[in-house]
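Heads up, the thing below is written out as structure tokens.
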Amino acid sequence: MLLPPTGSYQIMNLKESKIMTNHVEEIVELVPNNPIEYVQEIVYLGETVSFSRRTSKEIVRHIVAAWATFWALKLYC
């Protein structure tokens, strides 16, 4: 097994890790007694990723984010 040079590796954050699959869900434990959560959809790089129709949820999410930004900036006007 080849390891990267010292100090250049990353540690996986198991609390933030999730699994999305269209297959049968199995219990996945990379660390004992810490199963990774299965989800139906996830927001990745600002876009909703899922196997089902997500267009309406994505539009609503963008509208809510736009209004939140508008009201946050309105205080400065």
Side-chain angles (χ1 to χ4, degrees):
M1 179 172 160
L2 295 174
L3 295 174
T6 305
S8 65
Y9 60 91
Q10 295 181 356
I11 298 173
M12 183 175 175
N13 185 348
L14 296 175
K15 294 179 183 175
E16 301 263 336
S17 300
K18 309 223 183 293
I19 296 176
M20 186 176 75
T21 181
N22 60 352
H23 294 287
V24 177
E25 296 180 5
E26 301 173 359
I27 296 174
V28 176
E29 291 184 0
L30 298 177
V31 176
N33 298 322
N34 286 324
I36 297 179
E37 177 186 1
Y38 277 90
V39 294
Q40 298 299 316
E41 62 184 34
I42 191 165
V43 177
Y44 179 71
L45 297 177
E47 298 295 323
T48 303
V49 179
S50 74
F51 292 110
S52 63
R53 294 181 5 172
R54 66 182 203 277
T55 307
S56 60
K57 285 185 179 181
E58 185 72 14
I59 292 170
V60 169
R61 195 177 69 75
H62 280 274
I63 291 171
V64 168
W67 276 111
T69 303
F70 171 78
W71 288 113
L73 295 175
K74 185 148 176 76
L75 296 174
Y76 298 110
C77 294

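What you see is a predicted model; the values in this text were computed from it and never measured.
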Checklist entry - Transitive ILVMFWY cluster of Val43 at side-chain heavy atoms under 4.5 Å: who else is in it? => result none

Item to check | Set of residues satisfying side-chain contact (heavy atoms from CB on, under 4.5 Å) with respect to Ile63, sequence neighbours excluded | outcome: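 Partners of Ile63 by the side-chain contact (heavy atoms from CB on, under 4.5 Å) criterion, ordered by chain and then number, come out as Ile59, Trp67.
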
Checklist entry - Looking at Gln40 and Met20, what are the two nearest heavy atoms and their distance? => result O-SD, 3.6 Å

Checklist entry - If you round to the nearest 0.5 Å, how far is CZ of Arg61 from CD of Glu47? => result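 Answer rounded to 0.5 Å: 6.5 Å.
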
Checklist entry - Any chain of hydrophobic side-chain contacts (each under 4.5 Å) joining Val39 to Leu45? => result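 The answer is yes; both residues are in one hydrophobic cluster.
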
